[in-house]
Amino acid sequence: MPEYHADVPGIQPQFAGAGGDGRAELFRHEVLAVVLQVRGRSLGVLLWQRGAPPFEGEWALPGGPLGGAERLGTSVGRHLAAKVDLTDIAHLEQLETRSDPNRDPRGRVLATAYLALVRAGIEPRIPADTAWHPVSDLPPTAFDHGSIVGAATERLRAKLSYTNIGFALAPETFTIAQLRDIYAAAIGRPISATNLQRILTRRGVIEATATAARPTALGGRPAAFYRFAAQSLVVTNPFAAFRPPTAARAP
């Protein structure tokens, strides 16, 4: 697989800034993608294994140099499609820009990271040197990519509490039990299916469809299928992030 970082022949530094002596300095600028997907019972991130120094053998986020005429979002989409063959992105948003002068031992490189979400059940074709890893058990990572994965995971978990971002993790239709498993994997702890259904229905985040799951041999009422009311990001509880933390109970 081609090198994801900006040491590619023909790619020139793209960011100009003032040095300590007032003269202009040129920095490279790259885009990185934190691709997250619920896989089984855990939240996974897509990483590729570096085949050359620095950090040879360690795992890195997909991405690459920002083109001189590109927007950031266009650039990250291009790199994902070309290098990881990943086009099934349900949601993409800018996460943060890293500017530590020492984050890359080869020279200063600015990195703008994006959060990219893939629906559960989709199996993108990925190269042999690329694999999914649980965010809770990352392998040794290159540069500052491990902490970027952590920042993306925190962003997703926060947004699950006050937006409908679950639409980008779940299939188009699902049972409440399936949605509970997806939320539990993304959040990293068990949650109640009853409470999840009550909250998301009350906020208008999900709605019932006209179909139901096939009856099982055990009998009982077939489970209803639901879907997200909107397929783009919507803030559903704007004050969730401002609630004070719950006071700890006395032992």
Side-chain angles (χ1 to χ4, degrees), residues 31-46 61-62 71-74 76-77 80 86-98 112-122 124 132 134-136 147-209 224-246:
V31 292
L32 300 171
V34 185
V35 183
L36 300 180
Q37 182 188 36
V38 171
R39 301 180 63 80
R41 298 286 182 174
S42 66
L43 183 66
V45 61
L46 194 65
L61 293 167
R71 294 178 180 269
L72 289 165
T74 302
V76 73
L80 285 174
L86 183 61
T87 57
D88 296 314
I89 302 295
H91 176 72
L92 182 71
E93 67 176 64
Q94 190 173 135
L95 178 66
E96 62 182 3
T97 295
R98 295 290 178 101
T112 297
Y114 276 76
L115 169 63
L117 301 180
V118 178
R119 296 180 188 273
I122 293 176
W132 295 95
V135 298
S136 60
S147 65
I148 295 175
V149 173
T153 303
E154 291 179 4
R155 168 78 66 86
L156 172 62
R157 289 173 175 172
K159 284 198 164 183
L160 283 169
S161 69
Y162 66 89
T163 76
N164 68 334
I165 201 168
F167 80 88
L169 297 174
E172 291 187 6
T173 61
F174 45 82
T175 65
I176 292 299
Q178 290 170 336
L179 187 64
R180 174 206 54 205
D181 292 345
I182 289 170
Y183 268 67
I187 294 172
R189 58 177 174 80
I191 61 175
S192 165
T194 301
N195 288 342
L196 181 67
Q197 179 181 10
R198 175 176 53 83
I199 292 170
L200 296 186
T201 302
R202 184 182 64 197
R203 294 179 184 172
V205 176
I206 61 174
E207 58 190 14
T209 70
F225 276 102
Y226 287 76
R227 64 189 171 206
F228 277 85
Q231 295 296 312
S232 58
L233 191 67
V234 177
V235 174
T236 58
N237 187 17
F239 301 107
F242 299 100
R243 290 179 180 173
T246 303

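Atoms considered below: every heavy atom in the structure, side chains included; atoms not considered: hydrogens, waters and symmetry mates.
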What are the two closest non-hydrogen atoms of [X] and [Y], and how far apart are they?
X: Val34; Y: Val149; answer: CG1-CA, 4.2 Å
X: Ala186; Y: Leu169; answer: CB-CD1, 3.9 Å
X: Val38; Y: Ala185; answer: CG1-CB, 3.6 Å
X: Leu233; Y: Phe167; answer: N-CE2, 3.7 Å

Gap separating the [atom1] atom of [X] from the [atom2] atom of [Y], nearest 0.5 angstrom:
X: Arg155; Y: Gln94; atom1: CZ; atom2: CD; result: 9.0 Å
X: Ile176; Y: Tyr226; atom1: CD1; atom2: OH; result: 5.0 Å
X: Leu200; Y: Ile206; atom1: CG; atom2: CD1; result: 5.0 Å
X: Asp181; Y: Leu196; atom1: CG; atom2: CG; result: 10.5 Å
X: Leu80; Y: Leu86; atom1: CG; atom2: CG; result: 5.5 Å
X: Arg202; Y: Ile199; atom1: CZ; atom2: CD1; result: 6.0 Å

* Atom CD of Gln231 with >12 non-hydrogen neighbours under 6.0 angstrom ->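 Yes, CD of Gln231 has more than 12 neighbouring heavy atoms, counting only those of other groups under 6.0 Å.
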* To do: Answer yes or no: are there more than 12 heavy-atom neighbours, outside Arg71 itself, under 6.0 Å from its atom CZ?
  =>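 Open.
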* Can Ser147 and Arg98 be counted as having a side-chain donor-acceptor contact under 3.5 angstrom? ->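 Arg98 and Ser147 do have a side-chain donor-acceptor pair below 3.5 Å.
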* Asked: With no hydrogens and no angle check, do the side chains of Thr112 and Thr97 hold a donor and an acceptor under 3.5 Å apart?
  ->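 Note: Thr112 and Thr97 side chains meet the donor-acceptor criterion.
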Look at the side chain of [X] and the backbone N and O of [Y], then say whether any donor-acceptor pair between them is shorter than 3.5 Å.
X: Asn164; Y: Val205; answer: no
X: Ser161; Y: Ala158; answer: yes
X: Arg203; Y: Asn237; answer: no

Determine, for [X] against [Y], whether the closest basic-nitrogen to carboxylate-oxygen distance falls under 4.0 angstrom.
X: Asp88; Y: Arg119; result: no
X: Glu207; Y: Arg227; result: yes
X: Lys159; Y: Glu93; result: yes

* Please assess Trp132 against Val35 for the test side chain to side chain contact (heavy atoms under 4.5 Å, CB included), listing each intermediate value before the final yes or no. => CA-CA 9 Å; Trp132 295 95; Val35 183; 3.9 Å; yes
Any heavy-atom pair between the side chains of [Y] and [X] that's under 4.5 Å?
X: Glu96; Y: Ile148; value: yes
X: Pro171; Y: Ile182; value: yes
X: Leu36; Y: Val118; value: no
X: Arg180; Y: Ile191; value: yes

* To do: Starting from the C-alpha separation in whole Å, work towards a yes-or-no answer on side chain to side chain contact (heavy atoms under 4.5 Å, CB included) for Phe225 and Gln178.
  => CA-CA 10 Å; Phe225 276 102; Gln178 290 170 336; 4.2 Å; yes
* ring pair (Phe, Tyr, Trp, His ring centres under 6.0 Å) between Phe174 and Phe228: does it pass, once the steps are laid out? -> CA-CA 9 Å; Phe174 45 82; Phe228 277 85; 5.5 Å; yes
* **side chain to side chain contact (heavy atoms under 4.5 Å, CB included) evaluation trace for Leu72 with Tyr114** => CA-CA 9 Å; Leu72 289 165; Tyr114 276 76; 3.2 Å; yes
* Could you check Leu92 against Leu115 for side chain to side chain contact (heavy atoms under 4.5 Å, CB included), going step by step and ending with a plain yes or no? => CA-CA 6 Å; Leu92 182 71; Leu115 169 63; over 6 Å; no
